[in-house]
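Have a look at the structure below before the remarks.
Quick note on labels: first sequence line is chain A, next is B, and so on, each numbered from 1.
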2 protein chains.
Amino acid sequence: MSTIRDVARLAGVSISTVSLTLNTPERVATETRRKVAEAAEAVGYSADPIAQSLKRGRSRLIGMVVSDITNPFFGRFLQEIERHAMAADHLVIVSDTSSQIRNEIAILRHLAAQRVSGILLQPTGPMTGPSDHIRQLSMPFVLFDHRLDGVESDFVGADNALASSMLTEHLIRLGHRRIAFLGGTSGLYTAEERKRGFLATMAASGVPADPAIVVDARYDGRHGYEQTMRLMTGPDRPTALIAASNVIALGALQACNELGIACPAEVSLAGIDDVPWAAVVQPRITTAVQPIEDLARTASELLMRRITAPPGTVIDRSEIILAPEIRLGGSTARPA
Amino acid sequence: MSTIRDVARLAGVSISTVSLTLNTPERVATETRRKVAEAAEAVGYSADPIAQSLKRGRSRLIGMVVSDITNPFFGRFLQEIERHAMAADHLVIVSDTSSQIRNEIAILRHLAAQRVSGILLQPTGPMTGPSDHIRQLSMPFVLFDHRLDGVESDFVGADNALASSMLTEHLIRLGHRRIAFLGGTSGLYTAEERKRGFLATMAASGVPADPAIVVDARYDGRHGYEQTMRLMTGPDRPTALIAASNVIALGALQACNELGIACPAEVSLAGIDDVPWAAVVQPRITTAVQPIEDLARTASELLMRRITAPPGTVIDRSEIILAPEIRLGGSTARPA
DNA sequence: TTGAAAGCGCTAACAA
DNA sequence: TTGTTAGCGCTTTCAA
């Protein structure tokens, strides 16, 4: 690799002139600019990002931290983020916390040490959980998907309450009254919001939900399966199920299949989050899908806005909540 | 952040002694070692990875480059890699080439500039495609999943030929003779291997495959769908389908569903690669699954072995091919 | 066993 | 408009 020195020598100027030319060309004479450009081209120069990072105290890396990278939602999200980052000449460091706050803390420390220019964080733990390690972050960051009390920051997420409201309303309109809710992990922002939307819409419709069939399935396929087994074999079984996530819906569907309970003839099923296998399952599941590309683009933009702002700029905090889209499938029908 | 200077001052030694203590403690007097350790503890010192990278010419970052990060196979793979990397105190930069060789070239250049300590690469393009940009890599790297002619390197992958052989044999044993193969993108290593295993097993069984029903579905759901539509509506339709990947199987199943062709009553379906939705699809699809954790662990180990080897060490190249596992489902049965 | 000093490649304040 | 110079924080000769 050639260094700034090689370019300077070949162009017959000092290294600071080369640096100046590359960083603020308008402050350099046109003729000099040309000479430097030619020399740089000739030796195939490109600045060493590590030296730049050391000097500037900031690298051209972005951190993306999520609770479970195998969730297809985050896979798609990551792909978009990476695309935007590359366009802005940044690389993306990805880290998976496995929903463990101590992992999150360790990872953020590593990212800080690497002087990443910004962080996209899907925080783990309950909304009211510890957040000092986030609040103390010295670089720009944007929270997404999961909100956290006590952290003043940009936030991008889908309207989780609206997602379950849409599904609930759809089921009520079809004539369902006894609707079960397979919730996400209690205490998590998205889980609480999704439950809230469900309960509010039920109440508004004059058929308040029966607490006995509003359960916690922990955003987890196994719990989705087990809870559905319990609900569908118990007394007074529901005529419809709303799953708070794609993996829960997966478990629920499996349970119904195994019990020989036909969907939608005997039970309607709707879920939140897109599922890559939606097209292949018969019947196709009715889902409220999050606008992943929009979420990722917005998060990128908010982060880049802060990264590229001149130091000292004060930028108002943005909270962007995007509406989900309901995709009707054959899994929801009038109750028997 | 405190620097090495702060530690030196507090411990009453020079900065080189601090560095020595941290890097090669055995070369430092016990008493000095203690003083330095205490001082470091007291000021909460931790070495700046960027300064280390600049000096050492090597960062504690690992690059992982794949063609499509949304593929669940790579999602799982990444998760494992990230876990192993963290254990070795490395962060992972992830990049998606979208199967474009020019992206791959650009990304490898970026990773080289970041002085990553190693790269895990699932190379894109045909086996005989350009590979200069890979061969010229100055840091350790391991290819995985997809092999490349002309690159002498460690390689980790599943036995792709065996995967389709197993499925083919299973179908033949059930009595199928007219078996269609929905192949991956022509020219790609995995695609050719999977096809080869199919053809070899067919030939060995004395019922050579009909070229008319050995098609290219390009590792793509849409092509899987379209090719299946064509095959199943054409003359002399096959009694069984083998899909070269999970997404192809997805498309094939969708096509059969839409055509009203019952599986396995009217057609058997088997595929390569695990599918997260396997449990939910009725019937459960027979698959040959790659041992993802083993693949990822092996790749990590091979890479780390090179990264941690003293400079100048010659390490023989390893090619590790792991056997897939066949998981029988209800999607394969005797032909009608 | 420890310290002084050079320097990795770059940026930026300051001087010319 | 350009050059000199002092570092960013660390590792690593080399000398003491």
Among residues two or more places apart or on two chains, list those pairs meeting side-chain hydrogen bond (donor to acceptor under 3.5 Å, both in side chains) that have a residue in residues 292-301 of chain B. B:R76-B:E293, B:D294-B:R297
Atom pairs under 3.5 Å, N or O on each side, protein against nucleotides 12-16 of chain C: can you list them with distances?
none

Only counting residues at least two apart or in another chain, list the ones meeting salt bridge (Lys or Arg N to Asp or Glu O under 4.0 Å) with [X].
X	result
A:D132	A:R135
B:E31	B:R34
A:E152	A:R317
A:D89	A:R60

Residue closer to the 5' end of DNA chain C, A:V18 versus B:S14 (nearest nucleotide): B:S14
Is it the case that over 12 heavy atoms from other parts of the model lie below 6.0 angstrom from the CD atom of A:E41? no
Which atom pair, heavy atoms only, marks the closest approach of B:Q79 to A:T70? OE1-CG2, 3.2 Å
Just how far, in rounded Å, is [atom2] of [N] from [atom1] of [X]?
X	N	atom1	atom2	answer
B:E26	C:dT2	CD	P	13 Å
A:R5	C:dC8	CZ	C1'	9 Å
B:R115	C:dC8	CZ	P	12 Å
A:R9	C:dG9	CZ	C1'	13 Å
A:L54	C:dG7	CG	C1'	12 Å

Step by step, work out the side-chain contact (heavy atoms from CB on, under 4.5 Å) result for B:R306 and B:V142. CA-CA 10 Å; B:R306 292 191 185 273; B:V142 171; 5.6 Å; no
Whether the [X] and [Y] side chains hold a donor-acceptor pair (N or O, under 3.5 Å, no angle test) is what I'd like checked.
X	Y	result
B:H90	B:S117	yes
B:E82	A:S95	yes
A:S14	A:T17	yes
A:Q114	A:S59	no

State which residues pass side chain to side chain contact (heavy atoms under 4.5 Å, CB included) with A:S2; sequence neighbours excluded, sorted by chain then number. A:D6, A:V43, A:Y45
Got a sec? Which of residues 29-51 of chain A come in under 4.0 Å of DNA chain C, heavy atoms? A:Y45, A:A47, A:D48, A:A51
Tell me, which of residues 105-114 of chain A have any heavy atom that sits under 4.0 Å from an atom in DNA chain C? none
Given side-chain contact (heavy atoms from CB on, under 4.5 Å), test B:T124 with B:H146 step by step and report yes or no. CA-CA 8 Å; B:T124 206; B:H146 187 287; over 6 Å; no
Got a salt bridge between A:E38 and A:K35, using NZ or NE/NH1/NH2 to carboxylate O under 4.0 Å? no
When you measure from the side-chain N and O atoms of A:Q52 to the phosphate of C:dT11, is any distance below 4.0 Å, counting only OP1 and OP2? yes
When the rotation axes relating C1' atoms of four end pairs to the next four are compared across the helix from C:dT1-D:dA16 to C:dA16-D:dT1, five pairs an end, they differ to 10° by 40°
Taking any atom closer than 4.0 angstrom to a non-hydrogen atom of chain A, what span of DNA chain D does the protein reach, first nucleotide to last? D:dT1 to D:dG9
Among residues two or more places apart or on two chains, list those pairs meeting ring-ring contact (aromatic ring centres under 6.0 Å, His included) that have a residue in residues 47-86 of chain A. A:F77-A:F144
